[in-house]
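Take a look at the structure set out below.
As the structure is a computational prediction, the values presented were derived from the model and not from experiment. Worth knowing before you read on, the calculation uses all heavy atoms, side chains too, and leaves out hydrogens, waters and symmetry mates.
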Amino acid sequence: MKTKSVITVPNVVFSLKTFGAAMLAYWIALRFDLERPYWAVGTVYLVAHPLTGAITSKAVYRLAGTAIGAVMTVLLVPNLVNSPELLTLAFALWMGLCLYVSLLDRSPRSYVFMLAGYTVVLAGLPLVDTPAASFDVAVARVEEIALGITCSALVSRIFLPSHAGPVLAVRVDAWLANAARLADDALAGQAADDRSRRVRQSLASDIVDLRNLTTHVAYDTSSYAEVTRDLRVLLQQMTRLLPLLSTIEDHVAALSQAGPYPDRTGRWLTGWRSWIRQTSEAEGEATPPPPPAAVAAAEKGTASSWPDMLAANLALRLDDFAAVWETCLALRRDLGNDTKPTPAFKRPSVPHTATSLHIDHGMALLSALAVVVATLGAAMFWIASAWPNGATAAQLAGVFCCIMATLDDPVPALRTFLLALLGAVAAAGSVAMRIPTIARRHSNLMPRSVPI
């Protein structure tokens, strides 16, 4: 099976822009003699994203999380440095609390809380020997991270910016096309196969991704930033389609199990399939096919058979689907196909109510407990063994548990990261061993002092 190459022009441009922003941040850090220039360089790569709006939103969230973590570092380290056990416990509990709150906020804003948690161990653990420098280190971290954020945002916005709005519009079109195919399968009685099941699962997960992408659009430099609320209305209507499609699938399956339905019912369902294809492919509006006479009689309470009552109930659900489907298509057309949508949707009567995603307090608590146990375990080993570089183990344990908390099975990702880390260590060690040899080989090129 052929795989799509990741070496594309947009990816190369994104890589070059990120490298340029990192070098700009590094040069400025050296120019102003900042203490840890690598913080600024690392921040550029941590907030890197192909979309301009996403970089800006991540930058804002990272700066806020860093500032909160820096404040906690100044509060905890000087007061608890004489009791390593209590200091470690405070770090672990703070990370657990921040991770718990982060997992409850299922939006890009959760990055603020997660970063506020592990910033404490990144900045605080190296200060256990020099607690008096806590304030200076906290200020330096905020300064250099702000520098990296600024450079990344400026380069992303100035040089070939990639807006999030048009990307969101393309993904909405793909989502609606997949929903139309799933509706066609449901009316044909074929929505129970593996392909349709995968499409249904993909539609559900894509809604969450589109919701997060809408958050980034609010920070975009395109005109889509002006209609963020209207985009949320569209996503809300798209979400309503999923349970309607499941209901239609169940009714068609029940109608098939009740026996062969009459030809007029089959023609009616075929007409609905044609209507869905026609509305999804054409710009104009079409009228849904009317139900058969038997279905209309069942709607009036004079049904003559069980299949007629099933068909009448299906007709009601199809009417609901038609209303939501036409609203979605109308809202999408109002956005336009270019980077400048209309100032507001032409259907202001479409209601918008705040929606909330499912929150699993149990899994959030388990993830918080995992980061507390992992950090405490690594820190206790560091303290008991007097390992000179043991603080790094505690830092990595906490950071990895925070970053991998949203994965169902973090073990494969951790294994991949470990292999990459070992490869990077081997490469860095090889280069470090060759530096003295290279220096001696080119020592004749070094300028010598001239006696006066």
Side-chain angles (χ1 to χ4, degrees), residues 36 39 42-43 46 61-62 64-105 110-131 133-134 137-138 141 145 360-418 420-422 425:
R36 296 172 175 82
W39 277 352
T43 298
L46 286 174
Y61 299 146
R62 183 170 182 81
T66 301
I68 296 173
V71 171
M72 287 302 301
T73 301
V74 174
L75 292 177
L76 293 177
V77 174
N79 294 315
L80 298 177
V81 69
N82 293 325
S83 180
E85 294 79 7
L86 288 179
L87 180 60
T88 303
L89 180 61
F91 282 166
L93 292 178
W94 171 253
M95 274 199 301
L97 174 63
C98 290
L99 180 61
Y100 175 75
V101 176
S102 172
L103 295 176
L104 296 184
D105 183 6
S110 63
Y111 191 46
V112 174
F113 307 106
M114 181 184 296
L115 192 62
Y118 66 70
T119 294
V120 170
V121 295
L122 290 178
L125 284 180
L127 296 173
V128 293
D129 295 328
T130 56
S134 298
V137 171
R141 185 169 181 83
I145 286 179
D360 193 334
H361 290 273
M363 289 303 298
L365 284 173
L366 285 176
S367 299
L369 180 62
V371 71
V372 171
V373 172
T375 305
L376 285 177
M380 291 300 103
F381 178 80
W382 166 38
I383 295 173
S385 62
W387 183 14
N389 296 319
T392 304
Q395 289 174 330
L396 293 179
V399 172
F400 286 161
C401 287
C402 288
I403 294 177
M404 307 295 180
T406 56
L407 300 179
D408 293 333
D409 184 11
V411 174
L414 288 172
R415 187 183 298 115
T416 302
F417 189 90
L418 177 61
L421 182 62
L422 292 176
V425 169

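- Using a 4.5 Å heavy-atom threshold, the side chains of R62 and I145 count as touching.
- Heavy-atom minimum distance, M114 versus C402: CE-O, 3.3 Å.
- Between the side chain of S102 and the backbone N or O of S110, at least one donor-acceptor pair lies under 3.5 Å.
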Taking distance alone, no hydrogens or angles, what donor-acceptor pairs closer than 3.5 Å link side-chain atoms of residues 364-371 to residues at least two apart or in another chain?
from, atom 1, to, atom 2, distance (Å)
S367, OG, M363, O, 3.0

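- Two residues are said to be in side-chain contact when any heavy atoms from C-beta on lie closer than 4.5 Å; T73 and W94 fail this criterion.
- Between the side chain of W382 and the backbone N or O of W387 there is at least one donor-acceptor pair closer than 3.5 Å.
- Across all non-hydrogen atoms, the minimal contact from Q395 to L122 is NE2-O, 3.2 Å.
- Annotation for M404 and A413: closest pair SD-CB, 3.9 Å, computed over non-hydrogen atoms.
- Distance check, rounded to the nearest 0.5 Å: CG of L421 to OG1 of T416 gives 12.5 Å.
- With rounding to the nearest 0.5 Å, the separation of CD1 in I68 from SG in C98 is 7.5 Å.
- Two residues are said to be in side-chain contact when any heavy atoms from C-beta on lie closer than 4.5 Å; L414 and L418 fail this criterion.
- In this structure, T66 OG1 and Y118 OH are separated by 8.0 Å, a value rounded to the nearest 0.5 Å.
- Among residues two or more places apart in sequence or in another chain, the side chain to side chain donor-acceptor pair (under 3.5 Å) test is passed with R141 by none.
- Residues A70 and T119 come closest through the heavy atom pair N-CG2, 4.2 Å.
- Looking at every heavy atom in both residues, V372 comes nearest to G96 through CG2-CA, 4.0 Å.
- When all heavy atoms are compared, the tightest approach of I383 to P84 is CD1-CB, 3.9 Å.
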Before giving the answer on side-chain contact (heavy atoms from CB on, under 4.5 Å), spell out for L76 and F91 the whole-Å C-alpha distance, their side-chain angles and the decisive distance to 0.1 Å. CA-CA 8 Å; L76 293 177; F91 282 166; 3.9 Å; yes

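- Legend: residues meeting ring-ring contact (aromatic ring centres under 6.0 Å, His included) with F381, ordered by chain and number and at least two apart, are absent.
- Note that the CG atom of L80 and the CD atom of E85 stand 11.0 Å from one another [nearest 0.5 Å].
- In this structure, Y100 OH and D105 CG are separated by 12.5 Å, a value rounded to the nearest 0.5 Å.
- In this structure, the separation between CG on L376 and OG1 on T88 is 7.0 Å, given to the nearest 0.5 Å.
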